[in-house]
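By convention in this document, chain letters (A, B, ...) are assigned in the order of the sequence lines, proteins followed by strands, and residues within each chain are numbered from 1.
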Protein chains: 2
Amino acid sequence: MTPRQNRPTINQVAAAAGVTKSSVSRAFTRPEMLSPETVRKISAAAERLGYVPNHSARALSTGRHGNIALIVPDVANPFFPPLISAAQSEADRFDYCVFLGNSNEDPGQEDKLIGRFAGQVEGFVLVSSRLSDDQIVEHAARRPVVLINRDVKGIPRILIDSAAGVAEAVSHLATLGHRKLVYVGGPHGSWSNKQRRIAVRRAAKDHGLEVAVISNEFAAFESGRKITAAALATGATAAIAFDDLTAQGMLAELADMGVAVPADFAVVGCDDVLGAATYPPLTTVSNRSVEAGKAALNLLMEILQNNAIRDVRYVLDTNLVIRKTTGQVKAGKRSEAALGSDANRARN
Amino acid sequence: MTPRQNRPTINQVAAAAGVTKSSVSRAFTRPEMLSPETVRKISAAAERLGYVPNHSARALSTGRHGNIALIVPDVANPFFPPLISAAQSEADRFDYCVFLGNSNEDPGQEDKLIGRFAGQVEGFVLVSSRLSDDQIVEHAARRPVVLINRDVKGIPRILIDSAAGVAEAVSHLATLGHRKLVYVGGPHGSWSNKQRRIAVRRAAKDHGLEVAVISNEFAAFESGRKITAAALATGATAAIAFDDLTAQGMLAELADMGVAVPADFAVVGCDDVLGAATYPPLTTVSNRSVEAGKAALNLLMEILQNNAIRDVRYVLDTNLVIRKTTGQVKAGKRSEAALGSDANRARN
DNA sequence: CTGTTAGCGCCTTCAC
DNA sequence: GTGAAGGCGCTAACAG
């Protein structure tokens with residue numbers, strides 16, 4: 001058994017309909033140029049033969065492929081799938097197909113993927129790109145590029161401004177009586193991570209809070225667990241994590257350690273990818289990834305239509321979603337924290 | 001500012017290298033046919049001009065695109081991303097690009113996507129396809145198709161056999177003293193759902209357990225919450241859920257209801273997509289989605305290479321992963337269950 | 001080993 | 001409103 005490949009061509013349809021291939025072509029691209037009668041005849045013949053225009057031939061002739069590529073650092077990170085899904089749906093509305101690339105957090109891989117896709121797409125959406133600014137600018141010079149969560153001047157970009165939500169989180173923690181907090185960071189190449197770290201520092205300063213920063217290159221549940229001891233060791237009474245996964249890992253580890261949340265230690269996540277599905281339900285910064293995906297695609301479509309890029313910088317705001325992992329600091333905690341770490345004690 | 005599109009063609013490279021385009025073409029496809037000297041000359045010229053072969057032209061000429069399409073019912077369901085990622089990585093090894101399609105659980109949409117992709121891919125991987133057998137057979141007649149978690153005779157398929165793991169779960173629950181359990185189902189079109197339901201029934205019979213079945217069309221956290229009351233109302237002391245998301249929702253709802261897990265009610269998930277990230281850590285059936293994605297892609301590649309499909313039916317086995325949501329039935333529970341539902345009492 | 005010659009299937013001027 | 005002809009960029013016989 002061998003897979004068939006022989007699809008009918010424009011010529012066969014033409015013959016069947018008793019016209020030339022020009023007319024068949026027109027019937028599929030600019031029917032208004034033909035008499036309704038002819039169009040009907042051709043459509044019928046095409047239908048009967050199961051004719052579908054050959055994509056490559058059309059692309060070769062027009063230079064347009066009707067494809068775009070979407071590249072993300074890690075498909076399996078729950079932050080991305082909803083974004084991917086949203087982008088996909090939008091692309092669909094415009095009759096575009098989308099290539100998905102998974103860079104696996106590796107700039108080299110990302111670059112390679114872009115190269116592989118370049119020949120058959122109209123443009124790119126790069127999500128949380130790990131490429132250097134220069135590389136991005138270079139690629140953008142060849143094909144339209146829209147960035148999500150990456151701020152490169154001159155390149156159209158959608159930014160989810162977690163700063164606002166993070167600042168709100170800090171303020172919220174201050175109100176609850178926390179005096180020292182720790183920011184548990186994410187990937188180095190991540191624009192969001194940098195933005196969040198800065199936002200925490202700034203807001204903490206505004207509220208007169210102390211802040212420690214520790215780093216956690218690969219953001220995920222397990223690494224969240226692992227970094228928890230270090231977070232406690234800073235003497236902070238609350239943590240703001242780079243993302244929900246990290247926060248969730250911390251929650252699990254804290255539970256194992258017998259540290260009560262939020263009574264003994266507060267945890268705030270970021271991106272709200274878990275919803276209320278953690279235990280306790282996680283206080284976190286809202287998620288705008290669906291809107292971001294949608295906006296990026298619309299922006300790209302607009303660029304492709306007008307064949308001209310504008311230096312758009314579209315910012316999506318966020319806010320704090322308060323659930324159950326933040327609360328009033330316990331009576332003794334405030335001074336205890338001031339004395340330094342009690343992490344080792346908590347451990348036992 | 002207008003995006004540039006003028007990429008150098010094979011002719012320009014030929015001119016620059018002082019050869020004909022045939023040689024340039026060969027330098028890129030079968031360099032062993034040329035003298036090393038010529039290849040070097042051509043490579044240099046190509047490099048200098050930044051030449052990259054035009055994908056569409058090549059596809060038009062060869063009939064090969066170097067693309068495959070992967071279609072899933074719901075990108076955002078955590079079961080799929082790891083599979084997608086694995087497939088993507090494998091495709092990469094073979095220098096294939098992958099289109100991602102999101103059918104959104106809708107057969108119509110799935111069909112439409114397949115049509116859209118058909119012209120520019122060598123083959124398809126359909127994951128948990130919602131199409132009818134006939135539709136699948138029809139598509140497979142045009143382009144190679146590999147199925148994951150869908151069992152259609154004659155179509156190469158990878159099946160994750162959750163039956164074994166589910167049976168193990170039932171046996172585990174029987175050992176713990178449960179006498180009645182409830183299967184909380186998933187999407188109607190899902191092969192996995194059917195398989196699991198049957199496995200539960202069969203294993204329950206083997207162990208002399210009573211089993212109720214309730215349905216939950218859209219498997220997710222929220223719907224898991226909603227169905228919990230009904231699950232309790234069956235009088236069962238343990239639930240096996242279609243997937244981890246549903247189980248997680250049930251866990252949250254049970255916590256809110258004040259029903260202790262596993263003391264008052266046991267919960268088993270399926271697919272192990274959450275790892276130990278629930279609270280309590282979820283007992284569940286192991287996940288083979290990464291292997292499935294990898295296997296499907298390798299199978300497709302093999303088919304494309306040999307240009308002949310074999311009727312492969314590759315089954316991936318599963319087992320029970322015991323964590324903390326299953327435990328010994330409480331002393332009084334067994335007889336209580338026998339008397340009927342106490343769900344309404346638990347609710348208050 | 002390398003050049004010559006036809007297309008691949010479609011779109012698009014240019015005529016009629 | 002429709003046909004004829006050329007070309008998009010590349011590959012694949014066929015010669016030499």
A.B. asks: Taking only the side-chain heavy atoms of A/P53 (C-beta and beyond), determine which of D/dC8, C/dT4, C/dC10 contains the nearest atom.
C.D. replies: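 Comparing D/dC8, C/dT4, C/dC10 against the side chain of A/P53, the answer is C/dC10.
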
A.B. asks: Assign each of B/P8 and A/R26 to its nearest nucleotide of DNA chain D by heavy atoms, then name whichever residue's nucleotide is nearer the 5' end.
C.D. replies: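 Per heavy-atom nearest nucleotide, the more 5' residue is A/R26.
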
A.B. asks: Give A/R64 one of three labels, base, sugar-phosphate or nothing, depending on what nucleic acid heavy atoms sit under 4.0 Å from its own.
C.D. replies: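 The answer is nothing, as A/R64 stays clear of every strand by at least 4.0 Å.
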
A.B. asks: Assign A/S22 to base, sugar-phosphate, or nothing according to its heavy-atom contacts below 4.0 angstrom with the strands shown.
C.D. replies: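 Touches a base.
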
A.B. asks: Of B/L100, B/L83, B/I84, which is the lone residue that meets side chain to side chain contact (heavy atoms under 4.5 Å, CB included) with A/V75?
C.D. replies: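 When side chain to side chain contact (heavy atoms under 4.5 Å, CB included) is applied between A/V75 and each of B/L100, B/L83, B/I84, only B/I84 qualifies.
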
A.B. asks: Can you tell me which nucleotide in C/dT2, C/dC10, D/dC10 comes closest to the side chain of A/N54?
C.D. replies: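 My answer, after comparing the listed nucleotides, is C/dC10.
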
A.B. asks: Taking for each residue the nucleotide of DNA chain C with the nearest heavy atom, is it B/V39 or B/A57 whose nucleotide lies nearer the 5' end?
C.D. replies: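 Going by which nucleotide is closer to the 5' end, it is B/V39.
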
A.B. asks: Rounded to the Å, how far apart are B/E37 CD and C/dT2 C1'?
C.D. replies: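 The answer, rounded to whole Å, is 14 Å.
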
A.B. asks: For B/T20, answer base if it contacts any base atom (sugar-phosphate contacts may also be present), sugar-phosphate if it contacts only those atoms, and nothing otherwise; contact means non-hydrogen atoms under 4.0 Å.
C.D. replies: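 Since a base atom lies under 4.0 Å of B/T20, the category is base.
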
A.B. asks: Will you find, in the side chains of B/S132 and B/D134, an N or O donor that is under 3.5 Å from an N or O acceptor?
C.D. replies: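 Short answer, no.
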
A.B. asks: D/dG7, D/dG9, C/dC14: which one has an atom nearest the side-chain heavy atoms of A/S61?
C.D. replies: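 When the side chain of A/S61 is considered, D/dG7 is the closest of D/dG7, D/dG9, C/dC14.
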
A.B. asks: Using whole Å, report how far NE2 of A/H65 lies from P of C/dC11.
C.D. replies: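 Going from NE2 in A/H65 over to P in C/dC11 covers 14 Å.
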
A.B. asks: State the CG-CG distance between A/L126 and A/L70, to the nearest 0.5 angstrom.
C.D. replies: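 Spacing of CG (A/L126) from CG (A/L70) equals 8.5 Å.
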
A.B. asks: Please classify the nucleic acid contact of B/S56 as base, sugar-phosphate, or nothing, using heavy-atom distances under 4.0 Å.
C.D. replies: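 If one applies the 4.0 Å heavy-atom cut-off, B/S56 turns out to touch nothing in the nucleic acid.
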
A.B. asks: Check the distance between C/dC8's P and A/R7's CZ and give it to me in whole angstrom.
C.D. replies: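 Atom CZ in A/R7 sits about 15 Å away from atom P in C/dC8.
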
A.B. asks: Base, sugar-phosphate, or nothing: which does A/S35 touch, judged by heavy atoms less than 4.0 Å apart?
C.D. replies: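 It contacts sugar-phosphate atoms only.
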
A.B. asks: Contact class for B/T29 vs. all strands (heavy atom < 4.0 Å): base, sugar-phosphate, or nothing?
C.D. replies: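 Here B/T29 touches the backbone only, sparing every base.
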
A.B. asks: Ignoring the backbone of B/R58, work out which of D/dG1, C/dG9, D/dC10 is nearest its side chain.
C.D. replies: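 In terms of side-chain proximity for B/R58, the closest of D/dG1, C/dG9, D/dC10 is D/dC10.
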
A.B. asks: Measure the distance from NZ on B/K21 to C1' on C/dG3 and round it to the nearest whole Å.
C.D. replies: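 For the pair B/K21 NZ and C/dG3 C1', the rounded distance is 12 Å.
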
A.B. asks: Taking CG from B/L60 and C1' from C/dG7, how many angstroms apart are they, rounded to a whole number?
C.D. replies: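 For the pair B/L60 CG and C/dG7 C1', the rounded distance is 9 Å.
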
A.B. asks: Report the nucleotide, chosen from D/dG9, D/dG3, C/dT2, that has the shortest atom-to-atom distance to any side-chain atom of B/S23.
C.D. replies: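 In terms of side-chain proximity for B/S23, the closest of D/dG9, D/dG3, C/dT2 is C/dT2.
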
A.B. asks: Please report, rounded to the nearest Å, how far the P atom of D/dG9 is from the OH atom of B/Y51.
C.D. replies: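 B/Y51 atom OH is separated from D/dG9 atom P by 10 Å.
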
A.B. asks: A/T62 near the nucleic acid: base, sugar-phosphate alone, or nothing, with a heavy-atom cut-off under 4.0 Å?
C.D. replies: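 Sugar-phosphate contact only - A/T62 comes under 4.0 Å of backbone atoms but never of a base.
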
A.B. asks: Would a distance-only check, ignoring hydrogens and angles, find a side-chain to backbone donor-acceptor pair under 3.5 Å from B/E122 to B/R64?
C.D. replies: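 No: the side chain of B/E122 does not pair with the backbone of B/R64.
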
A.B. asks: Between A/R116 and B/D92, is there a side-chain N and carboxylate O pair less than 4.0 Å apart?
C.D. replies: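 Salt bridge flag = yes for B/D92 with A/R116.
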
A.B. asks: Base, sugar-phosphate, or nothing for A/V24, non-hydrogen atoms under 4.0 angstrom?
C.D. replies: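 Touches nothing.
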
A.B. asks: Can a side-chain donor-acceptor contact be found between A/N298 and A/E90 if the only test is distance below 3.5 angstrom?
C.D. replies: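 Short answer, yes.
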
A.B. asks: Rounded to the Å, how far apart are A/E32 CD and D/dT2 C1'?
C.D. replies: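 That distance rounds to 15 Å.
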
A.B. asks: Using whole Å, report how far CZ of B/F28 lies from C1' of D/dA12.
C.D. replies: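 Answer to the nearest Å: 18 Å.
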
A.B. asks: Among the nucleotides D/dC10, C/dC10, D/dT11, which one has an atom lying closest to any side-chain atom of B/T9?
C.D. replies: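 Nearest to the side-chain atoms of B/T9, counting from C-beta on, is D/dC10.
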
